[in-house]
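Below is one structure, written out as structure tokens; comments come after it.
One is the number of the first residue; the rest follow in order along the sequence.
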Amino acid sequence: IDLNELEEWQIQDYLYSILDGVDRELIDWLINRFDKNIDRLQLEADKLLLFNSNERNILLNQMIEDNAFSDSSEDNIAQ
């Protein structure tokens, strides 16, 4: 499987299943923010997975509010 050609529903299903405690709307926001780049999305998911499931939603909301993804660039991610 070429991971760069995953359908959006496949990416959603994967992230919904691993990111317990995170609202689907926030996961969808991440998917759109990183243009369905599964490598980048996995990196962001890995960060969230360091926290308890009841803290992940709060953390991601705070990161979005703090504009933590504003300097993110797809050019920085090996493909």
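Taking CG of D28 as the start and CZ of R24 as the end, the distance is 8.5 Å to the nearest 0.5 Å. The distance from the CG atom of L30 to the CE atom of M63 is 8.0 Å, given to the nearest 0.5 Å.
What you find for F69 and E44 is that their closest heavy atoms are CE2-OE1, 3.3 Å. Between I18 and A45, the closest heavy-atom pair is CD1-CB, 3.9 Å.
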Using side chain to side chain contact (heavy atoms under 4.5 Å, CB included), reason through I11 and I38 one step at a time and then give a plain yes or no.
CA-CA 7 Å; I11 296 169; I38 191 64; 4.3 Å; yes
Let's go through Q12 and I27 carefully: what are the C-alpha distance in whole Å and the side-chain angles of both, what is the deciding distance for side chain to side chain contact (heavy atoms under 4.5 Å, CB included) to 0.1 Å, and is it a yes or a no?
CA-CA 8 Å; Q12 286 173 321; I27 293 172; 5.8 Å; no
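Applying the side-chain contact (heavy atoms from CB on, under 4.5 Å) criterion to E65, with sequence neighbours excluded, gives Q62.
In this structure the side chain of F34 never reaches within 4.5 angstrom of the side chain of L43, judged on heavy atoms. By the 4.5 Å heavy-atom criterion applied to side chains, N61 and L26 are counted as neighbours. L41 has its side chain out of reach of Y14: every pair of non-hydrogen atoms, C-beta onward, lies at least 4.5 Å apart.
A donor-acceptor pair under 3.5 Å is formed between the side chain of Q10 and the backbone N or O of E7. Listed for the D13 side chain is no donor-acceptor partner under 3.5 Å among the backbone atoms of W9. Looking at N37, its side chain does come within 3.5 Å of a backbone N or O of D39 through a donor-acceptor pair.
Residue pairs meeting the side-chain hydrogen bond (donor to acceptor under 3.5 Å, both in side chains) criterion with at least one partner in residues 50-59, sequence neighbours excluded, are D23-N57.
Clustering ILVMFWY residues whenever any of their side-chain heavy atoms sit less than 4.5 angstrom apart, transitively, puts V22 in a cluster other than the one holding I58.
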